Protein chains: 2
Amino acid sequence: MQLVSIWRIIAAMKHALNHKPDYEKELRKAGVRITRPRRIILDILTSTEDHPDAMKIFHRAIEIDNSISLSTVYRTMNLLEELGAIHRHAFNGGPSRFEQAHGEHHDHLIDIDTGAVIEFKSDKIEKLQLEIAKSLGYDIVHHRLELYGRKLDRPS
Amino acid sequence: MQLVSIWRIIAAMKHALNHKPDYEKELRKAGVRITRPRRIILDILTSTEDHPDAMKIFHRAIEIDNSISLSTVYRTMNLLEELGAIHRHAFNGGPSRFEQAHGEHHDHLIDIDTGAVIEFKSDKIEKLQLEIAKSLGYDIVHHRLELYGRKLDRPS
DNA sequence: ACACTAGTTGCAAAGATTCTCAACTGGAAA
DNA sequence: TTTCCAGTTGAGAATCTTTGCAACTAGTGT
């Protein structure tokens, strides 16, 4: 056994002890049952850096538990989206892609040529949104702001 | 021939002379070819009050020209959405429903209890969006801002 | 009016997403 | 721990949406 693996194990334990229960507790509080498929899907979403679509999530999931079905992936994504735990990006007719909602909310700028998703955040805009909603007699539960753009300096 | 039909014809002419060419010219300016299927679909969208889905639009279209295909309806909806000429509402897993965009661009506040859609517009936000995109090196082609909220004064 | 070509169309097939339903299970209550 | 049942799941059918391709056509230029 090599030393490096010890640190790996410690990191995994930290992860298991701190991170996972965090959002599972959150979800239970919201009345969501933590089932085996859901736990696996949540882990995938938590540990990924990219914005996978349902099929990609499904493939990663069946490597952990090959009994999970694609329907369940879709159902779980819809559930988590409604709860605000993930965001859905529908790009250019292609399949929806998902991303875990970080503690901090952020908005998206989508490159319509490449599909790249850039995250950004603007307190000014958030504040304006609150003002507008209030003036319409509403309280904002969540929002979605997507800018679709094209690189300024790209070679024609 | 009855008198009433004369007024019908005049109304139709007014419509043909004023309304239709309006947005057709707009679209042509944007480099969109006005084909027979597109003209029919545009007419349907213009003259409807509800938010039909693709299948409903298709059925109305084939009553006018039964050679139109469902694919073309979908393609046209995607095209018009990209141009900002219509808005797509994906409600609760069901099929997408469409609505003609008024001349002015507007954003949406969606009541998460009733599903009601309220339109609004804020130059300040639009301006901020442009600034943000520019600072990220992008030019905005279009955007989508949706606030999901709940009435402030609703009885608990 | 005619020819030309890039953009569109219809169709059928593929791909993405939701639905139906009988079997299963998380977690509350005893 | 065991029971119990509302909520969840897997499988596949159904529905919704996009795509590939050969035929067609709007709009430009002659």
Side-chain angles (χ1 to χ4, degrees), chain A residues 20-21 23-42 44 51-83 85-86 88-98 112 115, chain B residues 20-21 23-42 44 51-59 61-83 85-98:
Chain A
K20 252 158 69 170
Y23 56 79
E24 287 194 3
K25 203 178 286 178
E26 283 299 316
L27 290 173
R28 274 209 191 86
K29 228 189 306 180
V32 176
R33 275 202 209 165
I34 306 303
T35 63
R36 181 161 163 69
R38 285 181 182 166
R39 184 169 293 129
I40 290 172
I41 291 170
L42 284 167
I44 290 170
H51 296 182
D53 60 24
M55 192 59 73
K56 204 165 291 176
I57 293 168
F58 173 61
H59 281 133
R60 292 179 192 170
I62 55 179
E63 287 184 8
I64 299 167
D65 175 349
N66 76 349
S67 76
I68 288 174
S69 80
L70 183 55
S71 324
T72 296
V73 173
Y74 277 108
R75 276 190 288 236
T76 303
M77 300 329 276
N78 284 340
L79 175 69
L80 295 177
E81 186 188 17
E82 273 175 30
L83 293 170
I86 60 172
R88 172 193 301 261
H89 302 291
F91 173 66
N92 203 21
S96 296
R97 294 166 58 190
F98 305 93
I112 60 176
Chain B
K20 255 161 59 172
Y23 56 79
E24 287 193 4
K25 203 179 287 178
E26 283 298 317
L27 289 173
R28 255 192 266 264
K29 228 188 302 178
V32 175
R33 278 203 207 165
I34 305 304
T35 61
R36 182 162 162 67
R38 286 182 180 166
R39 184 169 292 129
I40 290 171
I41 291 170
L42 283 166
I44 290 170
H51 294 186
D53 61 24
M55 193 58 73
K56 205 165 289 173
I57 293 168
F58 173 60
H59 281 134
I62 54 178
E63 286 183 10
I64 300 166
D65 175 349
N66 76 348
S67 75
I68 286 174
S69 81
L70 182 54
S71 327
T72 296
V73 173
Y74 277 109
R75 277 191 284 237
T76 303
M77 301 329 276
N78 284 339
L79 175 69
L80 295 177
E81 186 188 17
E82 273 175 30
L83 294 170
I86 60 172
H87 294 306
R88 172 193 303 261
H89 300 292
F91 175 63
N92 205 22
S96 295
R97 295 167 58 190
F98 304 93

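Nothing here was measured: the structure is a model prediction, and the numbers come from that model.
Residue A/D53 is out of contact with every strand shown, counting any heavy-atom pair closer than 4.0 Å.
The CD1 atom of B/I62 sits 16 Å away from the C1' atom of C/dT9 (whole-angstrom rounding). Distance A/K56 NZ to C/dA16 P: 11 Å, rounded to the nearest Å. Rounded to an integer number of Å, the gap from B/L80 CG to C/dT8 P is 11 Å. Straight-line distance from the CZ atom of A/F58 to the C1' atom of D/dG12: 13 Å, rounded to whole Å. Distance, B/L42 CG to C/dT8 P: 13 Å, rounded to whole Å. Rounded to whole Å, atom P of D/dT8 lies 16 Å from atom CE of A/M77.
Candidate nucleotides D/dT17, C/dT17, C/dT9 were compared by shortest atom distance to the side chain of B/R38, and C/dT9 ranks first. Nearest nucleotide to the A/N78 side chain, out of C/dT18, C/dG10, C/dA16: C/dT18.
A salt bridge does not link A/R60 with A/E63: none of the charged nitrogens is closer than 4.0 Å to a carboxylate oxygen.
Considering only heavy atoms from C-beta on, A/F98 stays 4.5 Å or farther from A/D53 through its side chain.
Contact between the side-chain N/O atoms of A/S96 and the OP1/OP2 oxygens of C/dT17 is found at a separation under 4.0 Å.
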Taking it one step at a time, do A/K29 and A/E26 satisfy side-chain contact (heavy atoms from CB on, under 4.5 Å)?
CA-CA 5 Å; A/K29 228 189 306 180; A/E26 283 299 316; 3.6 Å; yes
Between B/V32 and B/L80, does the side-chain contact (heavy atoms from CB on, under 4.5 Å) criterion hold? Intermediate values first, please.
CA-CA 10 Å; B/V32 175; B/L80 295 177; over 6 Å; no
Evaluation steps, side-chain contact (heavy atoms from CB on, under 4.5 Å), between B/E81 and B/H87:
CA-CA 6 Å; B/E81 186 188 17; B/H87 294 306; over 6 Å; no
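Judged by distance alone, with hydrogens and angles left aside, the side-chain atoms of B/R97 form no donor-acceptor pair with the main-chain N or O of B/P52 at under 3.5 Å.
Between B/L83 and B/A30, the shortest heavy-atom contact is CD2-CB, 4.3 Å.
Heavy-atom nearest nucleotides on DNA chain D were determined for A/T76 and for B/M55, and the one closer to the 5' end corresponds to A/T76.
Against DNA chain D, the stretch residues 63-75 of chain A makes heavy-atom approaches under 4.0 Å through A/S67, A/I68, A/S69, A/S71, A/T72, A/R75.
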Give the table of side-chain donor-acceptor pairs shorter than 3.5 Å for residues 71-78 of chain B, with sequence neighbours excluded, one pair per line with atom names and distance.
residue: B/T72; atom: OG1; partner: B/S69; partner atom: OG; Å: 3.3
residue: B/T76; atom: OG1; partner: B/T72; partner atom: O; Å: 2.7
residue: B/N78; atom: OD1; partner: B/R88; partner atom: NH2; Å: 2.6

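Each of A/R38, A/R36, A/R39 was checked for a salt bridge (Lys or Arg N to Asp or Glu O under 4.0 Å) with A/D65, and the lone residue meeting it is A/R36.
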Along nucleotides 25-30 of chain D, 5' to 3', which nucleotides get a B, which get an S, and which get a -, given that the test is a protein heavy-atom distance under 4.0 Å?
BBS---
